[in-house]
Amino acid sequence: LSHDANVSKMNLLTFMQISEGKSELEYDTILEELRLPDNDIDSFIIEVIKSKAARVKIDQRAKKVVIYSTRHRNFGKQQWLLLRDQLRAWKANITQVQNQLQSVSQG
């Protein structure tokens, strides 16, 4: 294992942790938390995207990262409960669509 690879992995894990539950992060926050040089921010965010650790968009004008979703660093009871709630919501939505399709086909 190389030192650079370990640092890169730790940076990804740290990003996942600080971005969890947030809709955006300022460049300055990322730079401070990860101790990155200013000129490395874009390449780091590209690595985040490539690794699929998070679904994000770079907003260079506003110097922030818009976060759509992140993988959880730890998948514990809270994440299982959240997953259960999401699956129940999806199931309810699918049932509603099925009911609407049935009523359209019968009408």
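Side-chain atoms are counted along with the backbone in the values below, which use heavy atoms only and exclude waters and symmetry mates.
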Test Leu34 against every option in Asp40, Ile41, Leu12, Thr14 by the side chain to side chain contact (heavy atoms under 4.5 Å, CB included) rule and name the one that passes.
Thr14
Would you find more than 12 non-hydrogen atoms of other residues, nucleotides or ligands less than 6.0 Å from Gln78 atom CD?
no
Quick one: CZ on Arg84 to NZ on Lys77, what's the gap to the nearest 0.5 Å?
9.0 Å
Do the charged groups of Glu26 and Lys64 touch, with an N to O distance under 4.0 Å?
no
Should Gln86 and Leu82 be marked as a side chain to side chain contact (heavy atoms under 4.5 Å, CB included) after you check the CA-CA gap, both sets of side-chain angles, and the distance that decides it?
CA-CA 6 Å; Gln86 288 174 336; Leu82 179 63; 4.2 Å; yes
In short, salt bridge (Lys or Arg N to Asp or Glu O under 4.0 Å) pairs touching residues 50-62 with sequence neighbours left out are Glu47-Lys50
Apart from Val66 itself, what residues make up its hydrophobic cluster, given side-chain heavy atom links below 4.5 Å?
Tyr68
Val97 and its side chain to side chain contact (heavy atoms under 4.5 Å, CB included) partner, picked from Leu101, Ile94, Asn99:
Leu101
When you look at Tyr27 and Asp42, which way does the side chain to side chain contact (heavy atoms under 4.5 Å, CB included) test go after all the steps?
CA-CA 9 Å; Tyr27 276 16; Asp42 289 333; 3.1 Å; yes
Are any non-hydrogen side-chain atoms of Trp80 and Asp85 less than 4.5 angstrom apart?
no
When hydrophobic residues are tied together by side-chain contacts of less than 4.5 Å, even through go-betweens, does Met16 share a cluster with Leu36?
no
How would you list, by chain and number, every residue that makes a side chain to side chain contact (heavy atoms under 4.5 Å, CB included) with Leu25, sequence neighbours excluded?
Phe15, Ile18, Ser19, Lys22, Thr29, Ile30, Ile67
Point-to-point distance, once rounded to the nearest 0.5 Å, from NZ of Lys9 to CG of Asp4:
15.5 Å
Using side chain to side chain contact (heavy atoms under 4.5 Å, CB included), reason through Phe44 and Val65 one step at a time and then give a plain yes or no.
CA-CA 11 Å; Phe44 172 73; Val65 175; over 6 Å; no
Nearest 0.5 angstrom please: Lys91 NZ to Gln96 CD, how far?
14.5 Å
Out of curiosity, His3 NE2 to Ser8 OG, how far, rounded to the nearest 0.5 Å?
11.0 Å
For Leu31 and Pro37, which heavy atoms make the closest approach, and how far apart are they?
CD2-O, 3.5 Å
